[in-house]
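This one's a predicted model, so the numbers in the text were calculated from it and none came from an experiment.
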Amino acid sequence: PPGHALYLHAWASLFGATLPVAAASVLLTAACGLVLAFLALRELLNERAARQAGLLLAVSPSLLDFACTAMDAVFFAWAALALWTALRALRGNASALSALGA
């Protein structure tokens, strides 16, 4: 699929086609994915439990490995975004905007 190439091309066209730019873009996206995963966890758990789960996710070996060596961190961020918007749309007091976002 062209997702990897399009993602890296977008970053390269903004900041230059260098290896540090590609690496920083993947690490930044992994960090954004952690924030989105925390927001999704906060929909399911209380604040303290969501923070603990987010910290455990941040130091999990598979996330660290994928964030530093592969484009899987980019897919993780999109999956976390999809999970967060879906959980917001499934709440009892959800608006049509939440459902549209999901």
Side-chain angles (χ1 to χ4, degrees):
H4 293 89
L6 290 173
Y7 175 81
L8 290 176
H9 176 69
W11 280 90
S13 62
L14 289 174
F15 301 107
T18 62
L19 184 60
V21 168
S25 70
V26 173
L27 290 173
L28 178 68
T29 306
C32 291
L34 282 172
V35 171
L36 292 167
F38 168 72
L39 292 173
L41 288 166
R42 206 167 59 178
E43 293 290 327
L44 295 172
L45 307 169
N46 62 36
E47 184 74 21
R48 183 170 185 232
R51 286 183 186 184
Q52 290 172 344
L55 287 173
L56 286 172
L57 179 61
V59 298
S60 66
S62 61
L63 182 69
L64 293 173
D65 181 34
F66 291 146
C68 295
T69 62
M71 292 290 288
D72 290 346
V74 177
F75 297 130
F76 163 70
W78 286 110
L81 176 64
L83 178 64
W84 177 53
T85 56
L87 289 173
R88 287 186 57 86
L90 292 174
R91 288 188 303 186
N93 61 351
S95 65
L97 187 60
S98 296
L100 184 64

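Nearest heavy-atom pair, Ala73 versus Ala30, reported as atom, atom and distance to 0.1 Å: CB-CB, 3.6 Å. Taking both residues in full, the closest heavy atoms of Val74 and Val26 are given as CG2-CG2, 4.5 Å, listed atom of the first, atom of the second, then distance. Annotation for Phe76 and Ala37: closest pair CZ-CB, 4.0 Å, computed over non-hydrogen atoms.
By the side-chain contact (heavy atoms from CB on, under 4.5 Å) test, Ala22 pairs with Leu8, sequence neighbours left out.
Atom NE2 of His4 is surrounded by more than 12 heavy atoms from other residues, nucleotides or ligands within 6.0 Å. Within 6.0 Å of atom CZ in Arg91, more than 12 heavy atoms from other residues, nucleotides or ligands are found, so the atom counts as buried in its surroundings.
Distance check: Thr29 OG1 to Asp72 CG gives 12.5 Å after rounding to the nearest 0.5 Å. Leu39 CG to Leu44 CG: the interatomic distance, rounded to the nearest 0.5 Å, is 11.5 Å. Between the CZ atom in Phe38 and the CG atom in Leu45 there is a gap of 10.0 Å [rounded to 0.5 Å]. The CG atom of Leu83 lies 12.5 Å from the CZ atom of Arg88; values are rounded to the nearest 0.5 Å. In this structure, OG1 in Thr85 is found 9.5 Å from CG in Leu90, a value given to the nearest 0.5 Å. Separating the CG atom in Leu87 from the CZ atom in Arg42 is a distance of 12.5 Å, to the nearest 0.5 Å.
In this structure the side chain of Leu81 reaches within 4.5 angstrom of the side chain of Trp84, judged on heavy atoms.
Leu34 and Leu27 fall into different hydrophobic clusters, where Ile, Leu, Val, Met, Phe, Trp and Tyr side chains are chained together by heavy-atom contacts under 4.5 Å.
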Which atom pairs, one a donor and one an acceptor, fall under 3.5 Å between side chains of residues 52-63 and the rest of the protein, sequence neighbours left out?
residue: Ser60; atom: OG; partner: Leu57; partner atom: O; Å: 2.9

